[in-house]
Amino acid sequence: MDSMSEQNTGPTRWQRFAERLQNLDRRIIYGVLFVVTVAAFLLPPLPVTHVGPEARAAFNAIDACPPDKVIIFDSSWAMWTQAENQAQFLALAEHMFRRNIKFVVTSVGLEPFGPKMAQDELDKLAEKHHKKYGVDYVNLGYKSAGGSAMVGAPLGFLMEGFARDIHATFPTDMKGTPVNELPLMQRVKNIKDDVYLVICIAYEPPVEWISFVHAQFGTPLVFACMSIVVPNYAIYFDAGQLAGILGGTRGAAEYERLLELEEPGQGTQLMTPQSFVHLLIIVFIIMGNIGYLSTLGRRR
Amino acid sequence: MLLAAVDYTDVFMIVQIAVGTLTFLVVMSYIFKDNAAYKMLTHILLGCATAVTIMVVFKNVLRPNWWRPMSTGVRTVLNEGKWDWKVLWLLCLVPGAMWYTLYSKKHAWMSRLVFAMFIGMGAGLAFKKYLLLIVPQVTKSFRPLIVLTATGGFDWATTIRNILFTAALVSVLVYFFFTFRAESPLVKRTRAWGRWMMMICFGTLFGFTVMTRMSYLLERLWYIKTKLIEGVFGL
């Protein structure tokens, strides 16, 4: 009789399975994730069917650039952010080259590697679109804001100085050529008169652009950031302080959709496995919850 | 099939792709266990990043913005005997050198002067930064709760959006009023709603975090697929 009652109070097979679900070895999860990802890479890229308002607004803002103005293309991304920033950079540069929009690449205060990363991509794209360095685009390189803990303070100064006098902040381009010798830079002196829009690509574009450039000079801003920080910038887009946002790989894929590329771009290609991975994570979350709810009564 | 794609016949390119793939695999080995190869790689990365940063800062910042104008000024004054204001760039060395007195107990007071200057500058700029950042946010928070279209119809979507926005804003503000006890059921419910709003927000943040973390993995796998498997092996 005693052994019978022990059997009744012991965990059922389902409960044991549910408990096991909650204590899955992380290596099993990683293994399944890896298999799903590899399988998804073998599939043809899925088409992007929906474009969000942030990416559409960014596209429209850039597309409306008048021929007598230029765009500041702040390339503050690096190897550790290229997972999402590279696809965004390629899509934005493709758009500007196609539309014959002149642009000035910089890295104001954030990322020493940014201009080099940008130049590697621009060399290929410029050749494809028959664009000439110094005439259609320039790369002014990097300017540090001071590597101190109080980096916020010098960054504000640097940006304001840059906005008022681009030549004083960047006397030479990335290769050391004086900016006065570059045909494009002869007509680009400051942000207020010569720049139509500023794009900043970074892991987390600094909000100093909003305070020290947009608020003071009225220059529209487009931020291209990693997915993780998209919610931080949504409020600025909602309030009209940002003209558009490209959020992570998804933002890049949406932009590629608007560009109507002949072949799927990097963002679109990466979004296919991304979508499958998201589905898998949802399945894992459901499984974990089923496990948790199944053992809840027993634990109580 | 090796070197099938003509683009990758360059040996340097193949070495680059091999190193890229190998380092990725070493980093991923951390999933199973911390190991010496992973540790070594982190040290190499830190060393490389520091070296490149120093070089870029010198080439792109110090040389064009300080060294060249300063040396031009000094040469003009010494060689031609004429006054050149650019020579004043030499003065930057004084506050710059004062930072390093931090390492001497006797002269550390000098570094505090520069610190004080930076803190004052930082406080002033921070005030300006947040004023210009937040004030437009506050003004844009006042939204109509009933929105009509240009033709006089009822704009359901914007109306619901604005009501949700206002409800979230007010309830979260009430949630953070710590200065009084929530006795009234109205305040209690508003706070509960505020907590729900924040939980939804944190869930969204977590979703985006997962997306970024996955992007890191996917981009590397994509690199191996396109550069190594398709590019080098031609598969």
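So you know, we letter chains A, B, ... as the sequences are listed, proteins then strands, and number each from 1.
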Does the side-chain contact (heavy atoms from CB on, under 4.5 Å) test come out yes or no for F113(A) and V56(B), once each step is laid out?
CA-CA 8 Å; F113(A) 294 91; V56(B) 172; over 6 Å; no
F208(B) and V229(A): side-chain contact (heavy atoms from CB on, under 4.5 Å), yes or no, with the steps?
CA-CA 8 Å; F208(B) 277 112; V229(A) 291; over 6 Å; no
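- A215(A) and L132(B) get closest at one heavy-atom pair: CB-CB, 3.8 Å.
- Note that CD of Q86(A) is 6.5 Å distant from CH2 of W222(B), once rounded to the nearest 0.5 Å.
- Contact record, K225(B) with F41(A): CE-O, 3.5 Å, taken as the closest heavy-atom pair.
- The contact between Q82(A) and chain B is made by backbone and side chain atoms together, counting heavy-atom distances below 4.5 Å.
- Contact annotation for A78(A): neither backbone nor side-chain heavy atoms come within less than 4.5 Å of a heavy atom of chain B.
- Heavy-atom minimum distance, E84(A) versus M211(B): OE2-O, 4.2 Å.
- Taking a 6.0 Å sphere around CD1 of I146(B), one finds it holds 12 or fewer heavy atoms contributed by other residues, nucleotides or ligands.
- Your options are T139(B), V52(B), L131(B), and the one with the most heavy-atom pairs under 4.5 Å with chain A is V52(B).
- Neither the backbone nor the side chain of L62(B) comes within contact range of chain A; no heavy atom of the residue lies under 4.5 Å from a heavy atom of that chain.
- Interface remark: M79(A) contributes no atoms to any contact with chain B (heavy atom separation under 4.5 Å).
- Across all their heavy atoms, F157(A) and M121(B) have their closest contact at CE1-CG, 2.8 Å.
- Atom CG of residue L270(A) and atom CG of residue L217(B) lie 10.5 Å apart, to the nearest 0.5 angstrom.
- By the neighbour-count criterion of 12 heavy atoms within 6.0 Å, atom CH2 of W80(A) is densely surrounded, having more than that number from other residues, nucleotides or ligands.
- In this structure, chain B has a heavy atom under 4.5 Å from the side chain of Y203(A), while its backbone stays farther away.
- Within a 6.0 Å radius of OH in Y175(B), other residues, nucleotides and ligands contribute 12 heavy atoms or fewer.
- Interface summary for chain B: among T249(A), I235(A), V277(A), T172(A), the most heavy-atom pairs under 4.5 angstrom belong to I235(A).
- Between atom CG of residue L218(B) and atom OG1 of residue T272(A) there is a gap of 10.0 Å, rounded to the nearest 0.5 Å.
- Side-chain atoms of L33(A) and M214(B), non-hydrogen and from C-beta on, do get closer than 4.5 Å to each other.
- The 12-atom threshold is exceeded at CZ of R213(B), counting heavy atoms of other residues, nucleotides or ligands nearer than 6.0 Å.
- For the options R63(B), R143(B), R220(B), heavy-atom pairs under 4.5 Å to chain A are most numerous at R143(B).
- R26(A) places a side-chain N or O within 3.5 Å of a backbone atom of I31(B) that can act as its donor or acceptor partner.
- The two residues S144(A) and V61(B) make their nearest non-hydrogen contact at N-CG2, 3.4 Å.
- In terms of heavy-atom pairs under 4.5 Å with chain B, the best-connected choice from G240(A), P178(A), P231(A) is P231(A).
- Proximity of M226(A) to Y216(B): side-chain heavy atoms (C-beta onward) are separated by under 4.5 Å at one or more points.
- Around the OH atom of Y130(B), the shell of radius 6.0 Å holds no more than 12 heavy atoms that belong to other residues, nucleotides or ligands.
- Of the possible donor and acceptor atoms, one in the side chain of N65(B) sits under 3.5 Å from a partner among the backbone N and O of T169(A).
- Taking the charged nitrogens against the carboxylate oxygens, E160(A) and K128(B) do have a contact shorter than 4.0 Å, which makes a salt bridge.
- Using a 3.5 Å distance cut-off with no hydrogens or angles, the side chains of Q266(A) and E219(B) do not pair a donor with an acceptor.
- Here the straight-line distance linking atom CD of E208(A) with atom NZ of K129(B) works out to 3.5 Å at 0.5 Å rounding.
- With a threshold of 4.5 angstrom between heavy atoms, Y236(A) approaches chain B through its backbone and through its side chain.
- Across G141(A) and N60(B), no two heavy atoms sit closer than the pair CA-ND2, 3.7 Å.
- Side-chain atoms of Q241(A) come within 3.5 Å of backbone atoms of L133(B) as a donor-acceptor pair (strictly under, hydrogens ignored).
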